[in-house]
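Counting begins at 1 with the first residue of the sequence. All ligand and atom numbering here is 1-based and tracks the order in the structure.
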Amino acid sequence: VVVAPGGENVVICSGFAHGVEVLSRALRAAGASTVAVEEYGHPGHRDIITRQGLGAPLLPLDGRGACVGAAGEADAVVLTPAHQFPLGMTLAPDRRRSFAEWDGIVIEDDYDGEFRYDRQPVGAMQALAPDRVIYAGTASKTLAPGLRLAWLVVPPSLLDGVTACLSGGPSALDQLTLAEFVTSGAYDRQIRRARLAYRHRRDRLISALDPIGLRVGGIAAGLHVVVDLPAVADEHRAVARAEQRGLALSGLSWYDLARSGARAGLVIGYARPPEHAYTTAIARLCAVLGS
Ligand SMILES: Cc1ncc(COP(=O)(O)O)c(C=O)c1O
């Protein structure tokens with residue numbers, strides 16, 4: 001646990017996935033039985049919650065994000081308010097306020113908040129209710145997912161429960177290296193550089209997709225966009241054709257935790273291809289989608 005200059009308690013963990021595990025254990029030990037998650041999201045995070053013996057009901061989403069009314073009797077929720085994962089909307093201001101005023105615990109997963117292209121980064125929800133919102137950041141998008149470094153800003157009332165459930169975690173050497181990177185200003189410089197580079201990649205991708213005429217969403221932030229397709233069969237066909245051309249694409253249905261099939265599409269990450277392969281990757285993608 002590190003105490004930040006503002007007095008916040010920061011618990012360092014091995015990626016957000018480890019953080020979800022620790023928080024699930026702590027919430028369960030404190031008597032919680034359910035942690036709600038957004039109906040489109042990372043299936044691995046929901047699995048971690050249920051493996052700890054908690055229920056994980058789904059929060060429906062519309063164009064303004066999740067709605068607190070749907071949280072029902074849940075003890076806690078995991079939200080991606082700045083940039084819903086994977087659909088890409090920002091949680092509407094009135095809904096942020098409602099979640100902040102809600103009785104349960106909010107786990108604010110700010111996985112890519114550093115990469116906002118249309119405005120200043122969205123402020124953390126944690127500032128609205130520092131006693132009940134656990135803010136989670138990660139180095140997985142800003143540096144590399146393989147580092148397994150993330151941080152939780154934990155309200156004082158939950159700190160003992162969380163630290164009692166904390167096992168494992170990144171090596172002291174990795175933590176000290178990140179601390180040096182942050183305090184020297186190099187981390188900020190890396191984010192500014194990366195933001196420009198990713199913005200440029202995003203713009204190239206959007207311009208290339210434009211003539212194909214498919215709806216491209218979630219473009220205002222992050223490292224991925226969502227391309228809607230007419231039906232799940234088109235999605236499967238696109239993923240298979242892309243694979244034949246050496247492109248690994250994710251279908252939106254993989255993130256559809258309700259298995260509703262309500263939307264079909266592709267979640268296209270633009271950070272992964274090395275620079276020298278990006279032009280070819282876009283050309284192959286357009287060939288797949290154009291056909
Ligand atoms: C929704 C979401 N949250 C958080 C993360 C970061 O996870 P981790 O820090 O475990 O790499 C990711 C990474 O893919 C993600 O998709």
Given the ring of Tyr278, does Arg204 sit roughly above its face, with NZ or CZ under 6.0 Å from the centre of the six-membered ring and within 45° of the axis?
no

Determine yes or no for a side-chain-to-main-chain donor-acceptor pair under 3.5 angstrom, with Asp256 supplying the side chain and Tyr40 the backbone.
no

Main chain of Ala56, side chain of Arg46: is a donor-acceptor contact present, judged purely on distance under 3.5 Å?
yes

Minimum heavy-atom separation for Tyr255 to Pro43, with atom names?
CD2-CD, 4.4 Å

Enumerate the atoms of ligand 1 whose separation from the nearest heavy atom of [X] is less than 4.0 angstrom.
X	answer
Ala17	10 (O)
His42	15 (C), 16 (O)
Arg148	8 (P), 10 (O), 11 (O)
Tyr111	2 (C), 3 (N), 4 (C), 5 (C)
His45	2 (C), 3 (N), 4 (C)

Contact partition for Phe85 relative to ligand 1, non-hydrogen atoms under 4.0 Å
side chain

If we set the cut-off at 4.0 Å for heavy atoms, which region of His18 has an atom near ligand 1: side chain, backbone, both, or neither?
neither

Evaluate the side-chain contact (heavy atoms from CB on, under 4.5 Å) criterion for residues Leu61 and Met89: first the C-alpha distance (whole Å), next the side-chain angles of each, then the deciding distance (0.1 Å), finally the verdict.
CA-CA 10 Å; Leu61 295 165; Met89 67 289 248; 4.2 Å; yes

Under a 4.0 Å N-O cut-off, is there an ion pair linking Asp228 with Arg263?
yes

Distance from atom 3 (N) of ligand 1 to nearest protein heavy atom, with residue and atom
Asp109 OD2, 2.6 Å

Do ligand 1 and Thr80 have nitrogen or oxygen atoms that lie under 3.5 Å from each other?
no

